[in-house]
Amino acid sequence: MSPSAHTRIVKEAAQRLGFDYCGIARADFLEEEALRLEQWLAGNMHGKMHYMENWFDLRLDPRKLVPSAKSVVSLLVNYYPQKSTLSEVAPKISRYAYGKDYHVVIKDKMKELLQTIEEKIGAVNGRCFVDSAPVLERTWAAKSGLGWIGKNSNLINKQNGSYFFIAELIIDLELEYDLPVSDYCGSCTRCIDACPTGAIVKPNVVDGSRCISYFTIELKENFPIAAEMKGKFDDWVFGCDVCQEVCPWNRFAKPHAEKNFQPSAQMQQLKKSEWKEITEDVFKKVFGSSAVKRAGYKGLKRNLEFIVK
Ligand code: B12
Ligand code: SF4
Ligand code: SF4
């Protein structure tokens, strides 16, 4: 079978399994990104996310991650919810964490994709990743023509905006490659102007160590949130969606149809008073299968205390 026949099989299977977009790029060394990543790390923009210092070479070359890899297949999964807030009165949780943990949901779909490819094409060497490995996921999605990297550093799709997860399959199969699309940010600077903590230090560059998402998710529970951030979180206790909410391209976001991403009744019913007195048991019951568990019970408590005015 030819690369174009293989490509058809991969893209049809991705669509059938419910991936919203699928694009493909040649597995190559990411030369331009090498310098950007180096500067980002040198500027300590990863803060205490020490895992970002590891595997520098692998992060820049998918062939070091999957020997003999030929292609990086990038997949987008929409998580834009029907209702934009869980409750008018509760502290805010980023939209991506409303439902079941996306790592689990997407990994299952990816396994099926790889299985289908093996059934239809034969044995391949391929590995699936979603936020779980040293892969510059946004860069690959952009290289595959699925969108452009906006000034807020998120991947933006012209048809549906930026509320997407990104996953990739790195595979030793020669496929047909897609072309990158243009950048449609133009002269807009809404995300830079709206970021509550000034984390978007210049177009396309987010200082992770200033981002609310970092403080509320990645900064371990035993570290206090920087005092200079007091009063700036605007009720966000897990992640932050401000730079996506203000992005004009998200007018085109459409609600997802993935039942696993629906917020549980327990999450929706949590009252403001209950948030304040949340116990470890309630935390486990309400957030045990959602991405919020990454913050940990103590981490969420710390975040809740930090937003008290
Ligand atoms: C570390 C990390 C974070 C950190 C640091 C953020 C950051 N900007 O890197 C923190 C905790 C702050 C974070 C926050 C969020 N994250 Co995050 N995060 C990651 C992770 C694990 C690694 C990202 C990384 O490599 N950063 C290193 C820097 C150097 O890379 P970069 O920011 O991608 O920058 C590249 C471009 O900006 C580009 N670039 C730089 N300068 C220039 C200049 C020009 C002209 C151009 C064209 C490009 C360009 O080069 C850089 C290197 O390639 C990825 C998963 C993964 N493995 O990729 C998820 C990921 C990027 N995060 C994701 C999400 C959803 C978020 C949040 C929206 C979550 C939330 N609501 O709270 C926020 C968004 C914050 C923001 N505006 O970036 C998604 C992105 C989806 C999308 N549509 O883009 C990912 C891909 C996870 C996933 N699998 O879906 N995240
Ligand atoms: S997620 Fe929030 S804090 Fe982080 S860059 Fe975007 S607006 Fe700023
Ligand atoms: S808000 Fe404007 S500048 Fe920021 S990512 Fe969206 S279009 Fe680009």
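What you are looking at is a predicted structure, and each value in this text was computed from that prediction instead of being measured. When a ligand or atom number is given, it counts from 1 through the structure's own listing order.
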If you count the atoms of ligand 1 from 1 in the order shown, which ones are under 4.0 Å from a heavy atom of [X]?
X: Ser213; result: 14 (C), 15 (C), 69 (C), 70 (C), 72 (O), 73 (C)
X: Gly239; result: 72 (O)
X: Phe164; result: 81 (C), 82 (C), 83 (N)
X: Thr139; result: 53 (O)
X: Phe165; result: 90 (O)
X: Leu155; result: 82 (C), 83 (N), 84 (O)
X: Asp241; result: 71 (N)
X: Cys211; result: 12 (C)

Salt-bridge criterion met for Arg95 and Asp241 (N-O under 4.0 Å): yes
Pair Arg8 + Glu176: basic N to acidic O under 4.0 Å: no
If you have a sec, work out which protein heavy atom is nearest [atom] and how many Å separate them, to one decimal?
atom: atom 6 (Fe) of ligand 3; value: Cys247 SG, 2.5 Å
atom: atom 76 (C) of ligand 1; value: Asn152 O, 3.7 Å
atom: atom 65 (C) of ligand 1; value: Tyr79 OH, 4.0 Å
atom: atom 50 (O) of ligand 1; value: Arg36 CD, 3.2 Å
atom: atom 68 (C) of ligand 1; value: Gln244 NE2, 3.5 Å
atom: atom 4 (Fe) of ligand 3; value: Cys191 SG, 2.3 Å
atom: atom 66 (C) of ligand 1; value: Asn154 OD1, 4.7 Å
atom: atom 26 (N) of ligand 1; value: Met52 CE, 3.7 Å
atom: atom 8 (Fe) of ligand 3; value: Cys185 SG, 2.3 Å
atom: atom 86 (C) of ligand 1; value: Glu137 OE1, 3.6 Å
atom: atom 90 (O) of ligand 1; value: Ile166 N, 3.0 Å
atom: atom 7 (S) of ligand 3; value: Trp249 CD1, 3.6 Å
atom: atom 3 (S) of ligand 3; value: Cys188 O, 3.2 Å

Answer yes or no for [atom]: protein heavy atom present at a distance under 4.0 Å?
atom: atom 78 (O) of ligand 1; answer: yes
atom: atom 60 (C) of ligand 1; answer: no
atom: atom 55 (C) of ligand 1; answer: yes
atom: atom 33 (O) of ligand 1; answer: yes
atom: atom 42 (C) of ligand 1; answer: yes
atom: atom 84 (O) of ligand 1; answer: yes
atom: atom 11 (C) of ligand 1; answer: yes
atom: atom 48 (C) of ligand 1; answer: yes

Give, for atom [atom1] of [X] and atom [atom2] of [Y], the distance between the pair rounded to the nearest 0.5 Å.
X: Leu60; Y: Glu32; atom1: CG; atom2: CD; answer: 12.0 Å
X: Leu136; Y: Leu58; atom1: CG; atom2: CG; answer: 11.0 Å
X: Tyr21; Y: Asp178; atom1: OH; atom2: CG; answer: 13.0 Å

Taking every non-hydrogen atom, the tightest pair across Asn250 and Gly161: OD1-CA, 3.2 Å
Which atom of Tyr79 lies closest to which atom of Gln244, heavy atoms considered: OH-NE2, 3.4 Å
What do we get for [X] next to ligand 1 when only non-hydrogen atoms under 4.0 Å count, side chain, backbone, both or neither?
X: Ile149; value: side chain
X: Cys240; value: backbone
X: Tyr163; value: neither

Numbering as shown, the atoms of ligand 3 that approach Ile156 to under 4.0 Å (heavy-atom distance): 5 (S)
Greater than 12 external heavy atoms within 6.0 Å of Lys143's NZ: no
Lys285, NZ: over 12 other non-hydrogen atoms inside 6.0 angstrom: no
Proximity flag Asn152 to ligand 2, non-hydrogen atoms under 4.0 Å: no
Ser213 near ligand 2 by a heavy-atom separation under 4.0 Å: no
Should [X] be counted as touching ligand 1, given the test is an N or O pair under 3.5 Å?
X: Ser162; result: yes
X: Val135; result: yes
X: Tyr214; result: no
X: Trp40; result: no
X: Ser153; result: yes
X: Tyr51; result: no

For Ser153, side-chain hydrogen bond (donor to acceptor under 3.5 Å, both in side chains) partners two or more places apart: Arg138
Pro196 and ligand 2 - part of the residue with a heavy-atom distance under 4.0 Å: side chain
Asn154 touching ligand 3 at heavy-atom level, < 4.0 angstrom: no
Atom 8 (Fe) of ligand 2 reached by Cys211 (N, O or S, under 2.8 Å): no
Heteroatom test (N, O or S) for Cys243 near atom 2 (Fe) of ligand 2, limit 2.8 Å: no
Interfacing atoms of ligand 2 (cut-off 4.0 Å, heavy-atom, Thr197): 3 (S)
Heavy-atom side-chain contact between Gln268 and Lys83 under 4.5 Å: yes
Ala133 to ligand 1, any heavy atom closer than 4.0 Å: yes
Side-chain donor-acceptor contact under 3.5 Å, Tyr102 with Glu258: no
